[in-house]
2 protein chains.
Amino acid sequence: MTEDTCSVNIFDPEKVEKVKSVLSDDEDTLKLAVFFKTISDQTRLKIIQSLIIEELCVCDLAEITNVSISAVSHQLRILRDKNIVKYRKQGKMAYYSIVDEHIDQIINLVKEHISE
Amino acid sequence: MTEDTCSVNIFDPEKVEKVKSVLSDDEDTLKLAVFFKTISDQTRLKIIQSLIIEELCVCDLAEITNVSISAVSHQLRILRDKNIVKYRKQGKMAYYSIVDEHIDQIINLVKEHISE
DNA sequence: ACTACATTTGCACAGTTGTTCAAATGATAA
DNA sequence: TTATCATTTGAACAACTGTGCAAATGTAGT
């Protein structure tokens, strides 16, 4: 993986060291990547955007996202595991909502970025 | 894909309609998803964060990210296609830089979000 | 106990992704 | 031209991802 395919190439060691020292460490970058990956699926994004508007049950989300209940449930589990959504049980139903409204800001900032 | 597995379940049609009408359309959500997917890989994130600091050539980026030159080049192509990075040719070298500094804000906002 | 039903879960499968390898470009210098 | 070298590209491959199906779980009512 990390073999020195670059051994012949000249690179600027000073620049490289400077960048390396300023850069986030691998762990932080991995956390960023995991977060972005979690919200980079169309179904999950629809779920998130819906839950920002209001609390919804699994079946409502299936109707809104246009995928099977099973698929929604799978995606909700991923979002729960990543602490992006939470749920309350009421009888047979599960009502899902957003954990941290912060995510709304992030999506809006990206929307601005895209529409340029 | 869109079969009515949900036909038996009761869902709240009023809520669903309300959310559907407020929600971004599929095309916008897809754009969001594509953007997030583009920046959700660890190697690409390192490249982006490095280029935010300063302009770098392919070989420098390979050294910084610790992957092969070929792998970096593949990732740079993805970032070019998505208009996230650009490059200038100088002799044999290609110097890459960030297209839109906006992306720095996005990453920083997510970093804040994560560190809570 | 039984039935009904919302949700979850495990499995299988197709589609996607990131990497490496080897070959191709393209540019400089001799 | 030939050689050298930075970068790009295409193919192949393993690993991962999102979905639907079917079975399981859990809850409410009879």
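Only this structure's heavy atoms are used, side chains among them; waters, hydrogens and symmetry mates stay out.
Put simply, CZ on B:Arg88 is 17 Å from P on D:dA6, counting in whole angstrom units. Nucleotide D:dT17 holds its C1' atom 15 Å from the CG atom of A:Asp81, rounded to whole Å. If you take CZ of A:Arg77 and P of D:dT17, they are 13 Å apart, rounded to a whole angstrom. The separation between B:Asp60 atom CG and D:dA6 atom C1' is 12 Å, rounded to whole Å. The separation between B:Lys92 atom NZ and D:dA3 atom P is 15 Å, rounded to whole Å. Separating the CG atom of A:Leu76 from the P atom of C:dT7 is a distance of 10 Å, rounded to the nearest angstrom. As a whole-Å value, the separation of B:Met93 CE from C:dA29 P is 13 Å. Following rounding to the nearest Å, B:Leu61 (CG) and D:dT8 (P) show an atom-to-atom distance of 10 Å.
Listed nucleotides: C:dA4, C:dG18, D:dG20. Nearest to the side chain of B:Ile78: C:dG18. Distances from the side chain of B:Ser73 to the nucleotides C:dG18, D:dT7, C:dT28 place D:dT7 closest. Distance from the side chain of B:Ile69 is smallest for D:dT8 among the nucleotides C:dG18, D:dT8, C:dT20.
Other residues, nucleotides and ligands contribute over 12 non-hydrogen atoms within 6.0 Å of the CD atom of A:Glu116. Other residues, nucleotides and ligands contribute more than 12 heavy atoms inside 6.0 Å of the CZ atom of A:Arg80.
Residue A:Gln90 places no side-chain N or O under 4.0 Å from the OP1 or OP2 atom of D:dA28.
B:Ser68 contributes no side-chain N or O that forms a donor-acceptor pair with the base of C:dC21 under 3.5 Å. Applying the 3.5 Å distance criterion, the base of D:dT9 shares a donor-acceptor pair with the side chain of B:Ser70.
Closest heavy-atom contact between B:Ile98 and B:Ile52: CG1-N, 3.7 Å.
A:Leu51 and B:Val22 fall within the same hydrophobic cluster, defined by Ile, Leu, Val, Met, Phe, Trp and Tyr side-chain heavy atoms under 4.5 Å apart, directly or through other members. B:Ile78 and B:Ile69 are assigned to two separate hydrophobic clusters, defined by single-linkage of ILVMFWY side chains at heavy-atom distances under 4.5 Å. One hydrophobic cluster holds both B:Ile114 and B:Ile107 under the rule that ILVMFWY side chains link at heavy-atom gaps under 4.5 Å.
Nearer to the 5' terminus of DNA chain D, by closest-nucleotide assignment, is the contact made by B:Ala71 (compared with the other of A:Arg44 and B:Ala71).
Side-chain contact, A:Ser24 with B:Lys111: a donor N or O sits under 3.5 Å from an acceptor N or O.
Stacking of the aromatic ring of B:His74 onto the base of D:dT8 is not found under the criterion of centres within 5.5 Å and planes under 30°.
Counting any heavy atom pair closer than 4.0 Å across all strands shown, A:Tyr96 reaches sugar-phosphate atoms only and no base atom.
Near DNA chain C, meaning a heavy atom under 4.0 Å from it, residues 35-43 of chain A has no residue at all.
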